[in-house]
Every structure is written in C-alpha cells, then in structure tokens.
Engineer: 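Sharing a structure here in structure tokens format.
It should be emphasised that the depicted structure is a prediction, and the values quoted were computed from it without experimental measurement.
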Amino acid sequence: MPIAQDPLSVEVTLPREDVALLTVEGYLDVDTATEFQHHLANQLHHGRRHFLLDLSAVPFMDSSGMNIILRVYQEARELPGSVHIISPAPAVRRILDLTGVSITVPVSESADEALERVDRLPGTPAEPEA
C-alpha cells in the first residue's frame with residue numbers, strides 16, 4: 001500500500017489588484033497539478049493579469065506542473081500579463097533549466113524582484129509611491 005504524500009498547499013496573496021502571488025508548498029505533480037490549476041484559473045477569473053509563483057517550498061515538479069505554468073503563461077500573455085517564478089528549489093530549477101521553461105518564464109529570487117519586473121513591462125502602470 002503506497003504511503004500518501006503531503007497534499008499540495010497553495011496560499012494566494014494579492015500584492016496589487018492585478019497581481020496574484022501564489023506560494024506553493026509540496027510536490028507539484030500529476031496528483032496535485034489540478035489543484036494548482038484551479039487556483040490559477042480562479043485568479044484569472046477575478047481579473048489578475050500577473051502571476052508570481054513562489055516555488056521555494058516545492059521539492060519536486062514533474063511535467064504536469066510545468067505544463068500548467070506554461071499554460072497560464074500563454075493565457076497571461078494574451079491579456080496582456082505575465083508569469084514569474086520565484087526562488088525555485090534546486091531540483092525544480094534544474095528541471096526548469098533543462099526543459100527551457102526558465103528561458104520562457106522569468107525566474108526571480110524574490111517577490112520584490114518579480115514585482116520590479118512587472119513594473120518594467122510595457123503598458124503596466126507603476127504603483128504610486130507611498
């Protein structure tokens with residue numbers, strides 16, 4: 001009998017009205033990818049255009065997870081919007097690099113760095129200074 005792995009945890013915060021930060025924890029694979037997809041679809045439905053995906057607590061990701069990231073990347077580009085991967089764990093970073101996903105989807109070391117990249121996108125209004 002297989003041992004059940006820890007479920008996927010996805011915490012969504014909104015640093016800005018059109019930006020969703022999804023902090024993912026656990027294995028992002030064929031068993032959990034649908035849950036991740038639902039969180040992303042919900043944010044798209046609510047008008048988010050920019051997606052920051054914190055993968056620092058994801059020790060493993062298979063092609064199911066990569067496909068969802070690429071799919072939301074395509075959908076966000078059509079809005080127009082963007083997807084940014086934040087601080088992937090070493091094993092996940094290796095997969096992203098080997099498959100070329102890290103060439104297509106920008107990888108940042110922090111949410112602040114990813115937000116700076118969002119601000120530099122054409123047509124993105126800068127946040128007012130506090």
Engineer: Taking the side chain as C-beta and beyond, is there a heavy-atom pair between I86 and L21 under 4.5 Å?
Structural biologist: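 Yes, side chains in contact.
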Engineer: Is V24 close to L53 at the side-chain level, that is, under 4.5 Å between some pair of heavy atoms?
Structural biologist: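 Of all side-chain heavy-atom pairs linking V24 with L53, none is under 4.5 Å.
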Engineer: State whether a side-chain donor-acceptor pair under 3.5 Å links D54 with S56.
Structural biologist: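 Yes.
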Engineer: Could you measure the distance from the OG1 atom of T99 to the CE atom of M66? Nearest 0.5 Å is fine.
Structural biologist: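 Going from OG1 on T99 over to CE on M66, the span is 4.5 Å.
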Engineer: Would you name the heavy atoms of G26 and P59 that are closest together and state the gap between them?
Structural biologist: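 Reported closest heavy-atom pair: O-CD, 3.6 Å.
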Engineer: Counting distance only, does the side-chain N/O of T32 pair as donor-acceptor with the main-chain N or O of Y27 below 3.5 Å?
Structural biologist: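 Confirmed, T32 side chain pairs with Y27 backbone.
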Engineer: Determine yes or no for a side-chain-to-main-chain donor-acceptor pair under 3.5 angstrom, with D62 supplying the side chain and V30 the backbone.
Structural biologist: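 Yes, because the side chain of D62 sits within donor-acceptor range (under 3.5 Å) of the backbone of V30.
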Engineer: Looking at side-chain heavy atoms only, is the closest gap between V105 and L96 below 4.5 Å?
Structural biologist: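 No; the side chains remain at least 4.5 Å from each other.
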Engineer: Nearest 0.5 Å, please: how far is CG in L22 from CZ in F36?
Structural biologist: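 If I round to the nearest 0.5 Å, the distance is 6.0 Å.
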Engineer: Any sub-3.5 Å donor-acceptor pair from R49's side-chain atoms to S82's backbone N or O?
Structural biologist: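 Side chain of R49 to backbone of S82, a donor-acceptor pair under 3.5 Å: no, none is there.
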Engineer: When rounded to the nearest 0.5 angstrom, what distance separates CG in L98 from CZ in R93?
Structural biologist: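 Reported to 0.5 Å precision, the distance equals 11.0 Å.
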Engineer: Using a distance-only test with no angle check, is there a side-chain donor-acceptor pair under 3.5 angstrom linking H46 and N42?
Structural biologist: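 Looking only at side-chain atoms, N42 and H46 do form a donor-acceptor pair, the distance falling under 3.5 Å.
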Engineer: Can you measure from OG (S64) to CD1 (I69) and round to the nearest 0.5 angstrom?
Structural biologist: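 S64 atom OG to I69 atom CD1 measures 11.0 Å (nearest 0.5 Å).
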Engineer: In Å and rounded to the nearest 0.5 Å, what is the CD1 to OH distance from I85 to Y73?
Structural biologist: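 Reported to 0.5 Å precision, the distance equals 10.5 Å.
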Engineer: Which heavy atom in S108 sits nearest to a heavy atom in E113, and how many Å separate them?
Structural biologist: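 Reported closest heavy-atom pair: CA-OE2, 3.6 Å.
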Engineer: Shortest non-hydrogen contact from L52 to A114?
Structural biologist: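 For L52 and A114, the tightest heavy-atom pair comes out as CD2-CB, 3.7 Å.
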Engineer: A side-chain contact here means heavy atoms from C-beta on lying under 4.5 Å apart; do V92 and L28 qualify?
Structural biologist: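 Sidechains of L28 and V92: no contact.
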Engineer: Could you grab the distance from atom CZ of R48 to atom CG of L79, nearest 0.5 Å is fine?
Structural biologist: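 That separation rounds to 12.5 Å.
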Engineer: Is there side-chain contact between R16 and H50, with heavy atoms separated by less than 4.5 Å?
Structural biologist: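 The answer is no; the side chains never approach within 4.5 Å.
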Engineer: Salt bridge or not for R71 and E75, using N-O below 4.0 Å?
Structural biologist: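 Between E75 and R71 there is no salt bridge, as every charged N stays at least 4.0 Å from the carboxylate O atoms.
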